[in-house]
Number of protein chains: 2
Amino acid sequence: MPAPRKFTHQQLQAAALELIDQEGLTGLTMRALATRLGTGPMTIYNYVDGREGLERLVTSAVMAQAHWPDDPSGDWRTRVKAIAEAIWRAVRAHPNAIPLILTARSLDEDALVPTEALLQALADSGRSGADLLAAFRVVSGFIAGFAQAELTGPLVAGRDAEAITARMADLPARRFPRLIETAHAATGDPQAEFHSGLKILLAGLDASAPERRG
Amino acid sequence: MPAPRKFTHQQLQAAALELIDQEGLTGLTMRALATRLGTGPMTIYNYVDGREGLERLVTSAVMAQAHWPDDPSGDWRTRVKAIAEAIWRAVRAHPNAIPLILTARSLDEDALVPTEALLQALADSGRSGADLLAAFRVVSGFIAGFAQAELTGPLVAGRDAEAITARMADLPARRFPRLIETAHAATGDPQAEFHSGLKILLAGLDASAPERRG
DNA sequence: AGTTAAACACGTACCTTGTACGTAATCAAG
DNA sequence: CTTGATTACGTACAAGGTACGTGTTTAACT
């Protein structure tokens with residue numbers, strides 16, 4: 001009894017991501033997306049539960065692009081690192097979508113695969129229950145927060161870096177010496193910064209792992 | 001030659017935060033804010049550079065509420081912990097504003113005070129340059145990401161917790177065992193979770209501190 | 001083959017929001 | 001009192017989300 005669907009979810013996801021990549025988050029509009037798909041605005045509502053649903057769809061699309069060499073028998077540290085890097089890579093491939101990923105909760109199975117893998121790897125460090133949850137929040141919060149801070153924090157590396165660093169130089173040097181000093185260090189590549197951060201994090205996970213204590 | 005200003009920035013900030021706290025982020029509207037202040041919509045534009053400027057103002061208001069016992073002579077670990085907790089408390093006092101805080105960059109001096117303090121404390125661990133930046137990003141990213149994940153991540157403690165946990169139980173248990181298992185651990189108080197996370201982080205900062213190596 | 005019911009496509013129209021523009025009101029200095 | 005600059009704010013427009021209604025497609029049934 002159904003009529004054939006004109007589009008697939010993947011088509012919507014691809015079109016939405018293209019819009020976001022090209023025109024920024026404000027470019028993602030029901031109307032714009034519909035136009036890009038060659039249909040009317042209301043058609044989108046047959047595939048998605050309003051604007052919020054669309055945002056969840058985009059989040060899923062990004063998270064689903066996280067791929068890593070899966071080796072369940074390897075060391076948990078190596079695996080946590082691999083998964084974290086994979087998520088970070090996926091997120092960073094669509095910087096304009098980051099606010100969405102931080103904000104829109106997706107319970108899509110695709111989006112939960114990396115989450116489950118991260119939990120599993122952390123569990124292999126001997127954690128469970130509340131300890132496991134804390135460790136998970138540290139890693140996932142770090143990834144999301146790091147990716148976003150790199151774009152809109154006070155210490156920036158990307159585009160606009162000069163403008164912002166210049167405005168930081170206008171701050172009273174007596175009150176903000178470290179900020180002014182560190183602003184110049186933010187010119188390196190984000191990949192290296194992420195690795196340094198992840199290293200600190202893994203050191204902490206290792207030092208406080210139950211596996212280690214017993 | 002000027003005409004007297006009808007409002008102060010603090011009045012705007014207070015009114016905006018009340019709106020956000022009471023009606024959520026979508027409740028923050030130029031019109032709603034103006035009405036609350038008893039004036040016309042366009043008056044706001046005399047105090048703020050459009051919608052973006054308003055968001056920056058809110059971000060500053062929240063960050064400026066971070067207070068902690070300042071003891072420059074104390075151990076850097078203790079100080080990092082105190083500052084991180086203070087920021088987290090300030091952020092958590094207005095959960096609806098968190099997406100804004102993550103997204104809107106503020107170069108306001110008020111908003112940069114906690115940042116400078118955190119940088120200073122981390123610098124006292126012997127770090128500088130890129131190392132210092134990495135450490136800073138880890139901590140600040142963790143705070144922001146943690147606060148947000150607690151609200152919109154797949155593992156949730158607050159309101160809607162039952163509904164979401166229930167939907168997680170519908171996931172295929174074979175593919176998402178850890179997720180389902182951990183969903184029940186997310187019922188504890190966020191304060192404790194944050195402490196656990198921060199502990200892991202500090203262990204990592206300590207283990208990889210240059211101060212420690214020489 | 002014709003009928004039917006359910007699902008889908010999508011045009012129209014309304015409400016809300018951000019904000020450009022224009023005008024009136026307010027004050028300090030001359 | 002006039003002047004000049006600044007602020008207050010009403011009006012109006014453009015853009016976006018989406019409720020509603022209508023037409024269309026398809027598979028099953030008669």
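In the text below, chain A, chain B and the rest are named by the order of the sequence lines, each starting its count at 1.
One atom, OH of B:Tyr45, and another, C1' of D:dG10, lie 14 Å apart when rounded to the nearest Å. One interatomic measurement links the two molecules: CZ of A:Arg5 to C1' of C:dA6, which rounds to 13 Å at whole-angstrom precision. Rounded to whole angstrom, the span from the CG atom of A:Leu19 across to the P atom of D:dG16 amounts to 11 Å. Rounded to an integer number of Å, the gap from CD of B:Glu23 to P of C:dT16 is 14 Å. The interatomic distance linking B:Glu52 (CD) with C:dT17 (P) rounds to 19 Å, in whole Å. If you take CD1 of B:Ile44 and P of C:dT17, they are 14 Å apart, rounded to a whole angstrom. When the P atom of D:dA15 is taken as reference, atom CG of A:Leu33 falls 18 Å away, rounded to whole Å.
Nucleic acid contact for A:Thr43: base, since at least one base atom lies under 4.0 Å from a heavy atom of the residue. Using a 4.0 Å heavy-atom distance criterion, B:Phe7 is classed as making no nucleic acid contact.
Residue B:Glu52 places its CD atom among 12 or fewer non-hydrogen atoms of other residues, nucleotides or ligands, all under 6.0 Å distant. Applying the 6.0 Å contact sphere to CD of A:Gln10 captures no more than 12 heavy atoms from other residues, nucleotides or ligands.
Closest approach of B:Ile83 and B:Pro114 over heavy atoms only: CG2-O, 4.0 Å. The nearest pair of heavy atoms linking A:Asn96 to A:Leu25 is O-CG, 3.2 Å.
In terms of position on DNA chain C, the residue among A:Asn46 and A:Arg31 whose nearest nucleotide sits closer to the 5' end is A:Asn46. Comparing A:Gly40 and B:Thr29 by the nucleotide of DNA chain C that holds the closest heavy atom to each, the one mapping nearer the 5' end is A:Gly40.
For the pair A:Lys6 and D:dT25, the criterion of a side-chain N or O lying under 4.0 Å from OP1 or OP2 is not met. Phosphate proximity of C:dA9 to A:Tyr47: present, with a side-chain N or O under 4.0 Å from OP1 or OP2.
Between C:dT19, D:dG17, D:dA19, one nucleotide has an atom nearer to the side chain of B:Arg51 than all others, and that is C:dT19. Closest to the B:Met42 side chain, of the nucleotides C:dC10, C:dC21, D:dT7, is C:dC21. Side-chain proximity of A:Met30 to D:dT26, C:dC10, D:dT18: nearest is D:dT18.
For the pair B:Arg79 and B:Asp124, the salt-bridge criterion is met [side-chain N within less than 4.0 Å of a carboxylate O].
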